[in-house]
Amino acid sequence: MSSDGRPPSGPVHLREARVEDAPCLTRLFLDSRAASMPYLARVHSDEATLGWMTHVVLPGTEVWVAEIQGGGGAGEPVGFLSVDGDELEHLYLRPDMRRRGIGTLLLAKARERSPEGLALYAFQRNTDARAFYERHGFTAVGFDDGGRNEENEPDVRYRWSPSG
């Protein structure tokens, strides 16, 4: 939020994540999940989630940050994506920044980084995310009972290929 309590506005730029982004990306991850999936079990503490972001996500995947440029030149992170080869591991936005084209911009970066195709999992009950991916050409290719994820939440496997 800006100092006047409104969401930031201005041009959105993407940049590669840095290790010092871990606290901000952890907060984005936690806030986004709490806002869009309040039913989802919290299986880790905030501190453990920060450790995971710092020691697993940032060094182990390609992470891009969406930030809105402020007047002072420093950008304010409002979303991020994590790609591991052809697997879209994470795409999260700050809750007040949804439906502004930032998710589409991040997804375009993921496609640029994995031009042969992408796969991802989304929770079945996360209907907004599912609609977003389906609008962008992803096809559901499998459904799971939740036994494969820590939250034990049924999910959907999606795939996208450039040929459709």
Side-chain angles (χ1 to χ4, degrees), residues 11-37 40 43-44 49-69 75-95 97-164:
V12 177
H13 299 280
L14 299 184
R15 64 166 174 83
E16 289 187 71
R18 302 180 290 261
V19 70
E20 58 267 21
D21 292 319
C24 180
L25 298 185
T26 300
R27 181 53 35 213
L28 274 168
F29 175 83
L30 292 170
D31 290 350
S32 180
R33 285 170 68 106
S36 63
M37 298 175 284
L40 199 60
V43 295
H44 299 288
T49 304
L50 174 60
W52 166 76
M53 184 69 68
T54 302
H55 302 293
V56 177
V57 176
L58 285 168
T61 67
E62 185 176 346
V63 181
W64 289 81
V65 177
E67 53 184 24
I68 293 181
Q69 296 299 307
E76 182 174 352
V78 294
F80 75 96
L81 75 90
S82 165
V83 179
D84 186 6
D86 67 353
E87 190 74 22
L88 178 55
E89 296 284 347
H90 305 284
L91 194 161
Y92 287 96
L93 300 177
R94 214 170 72 185
M97 299 307 294
R98 293 178 62 197
R99 294 181 174 81
R100 296 173 181 232
I102 298 167
T104 300
L105 185 66
L106 285 164
L107 187 55
K109 177 55 79 174
R111 286 178 168 166
E112 174 188 309
R113 305 307 294 165
S114 301
E116 299 301 313
L118 286 168
L120 63 93
Y121 284 97
F123 293 117
Q124 288 182 29
R125 287 199 282 174
N126 192 350
T127 56
D128 286 347
R130 292 182 61 191
F132 171 79
Y133 291 119
E134 290 169 9
R135 263 193 325 274
H136 287 87
F138 283 78
T139 303
V141 295
F143 292 80
D144 192 294
D145 65 1
R148 60 154 297 281
N149 62 63
E150 291 181 307
E151 297 85 358
N152 292 310
E153 182 70 27
D155 55 22
V156 183
R157 181 73 167 162
Y158 281 98
R159 290 198 190 283
W160 165 81
S161 68
S163 61

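We number each residue from 1, following the sequence as shown. Hydrogens, waters and symmetry mates are skipped; everything else that's a heavy atom, side chains included, is used.
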Can you list the steps and then say if R100 with L93 is a side-chain contact (heavy atoms from CB on, under 4.5 Å)? CA-CA 10 Å; R100 296 173 181 232; L93 300 177; over 6 Å; no
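- Under the side-chain contact (heavy atoms from CB on, under 4.5 Å) criterion, L40 pairs with R33, M37, F123, E151, E153, sequence neighbours left out.
- Residue L88 holds its CG atom at 6.0 Å from CG of L118, rounded to the nearest 0.5 Å.
- Side chain of Q124 to main chain of D144: a donor-acceptor pair is present (N/O by atom type, distance under 3.5 Å, no hydrogens or angles).
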Residue pair D128, R98: steps toward the side-chain contact (heavy atoms from CB on, under 4.5 Å) verdict: CA-CA 10 Å; D128 286 347; R98 293 178 62 197; 2.9 Å; yes
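- Between D31 and R94 the shortest side-chain heavy-atom distance does not fall below 4.5 Å.
- S82 contributes no side-chain N or O that, together with a main-chain N or O of V63, makes up a donor-acceptor pair within less than 3.5 Å.
- The closest side-chain heavy-atom distance from D86 to E116 is not below 4.5 Å.
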Could you go through the side-chain contact (heavy atoms from CB on, under 4.5 Å) check for D155 and R148 one step at a time? CA-CA 9 Å; D155 55 22; R148 60 154 297 281; 2.4 Å; yes
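- Taking the six-membered ring where the residue is Trp, Y158 and Y133 present tilted rings, their angle falling between 30° and 60°.
- For N152, the side chain to side chain donor-acceptor pair (under 3.5 Å) criterion is met by no residue, not counting sequence neighbours.
- The CZ atom of F138 sits 10.5 Å away from atom CZ of R157, with the distance rounded to the nearest 0.5 Å.
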Evaluation steps, side-chain contact (heavy atoms from CB on, under 4.5 Å), between V83 and S114: CA-CA 8 Å; V83 179; S114 301; 3.6 Å; yes
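- Checked against side chain to side chain donor-acceptor pair (under 3.5 Å), N126 has no partners two or more places apart in sequence or in another chain.
- The CD atom of E16 lies 11.5 Å from the CG atom of L58; values are rounded to the nearest 0.5 Å.
- Expressed to the nearest 0.5 Å, how far OG1 of T54 lies from CD of E20 amounts to 11.0 Å.
- Of the residues H90, R113, K109, the one that meets the side chain to side chain contact (heavy atoms under 4.5 Å, CB included) test with L81 is K109.
- Inspection of the Y121 and E87 side chains reveals no N or O donor paired with an N or O acceptor under 3.5 Å.
- For the pair M53 and T26, the tightest heavy-atom approach, listed with the atom from each and the gap, is CB-OG1, 3.3 Å.
- Under the 4.5 Å side-chain criterion, counting only non-hydrogen atoms from C-beta, L107 is in contact with F132.
- With rounding to the nearest 0.5 angstrom, the CG atom of L120 is 11.5 Å from the CH2 atom of W160.
- Residues R159 and T139 have side chains not in contact (no heavy-atom distance under 4.5 Å, counting atoms from C-beta outward).
- In terms of heavy atoms, L106 sits closest to F80 at CD1-N, 3.7 Å.
- Closest heavy-atom contact between V12 and I102: CG2-CG1, 4.0 Å.
- Separation of atoms CG (D21) and CD (E67) is listed at 7.5 Å; rounding is to 0.5 Å.
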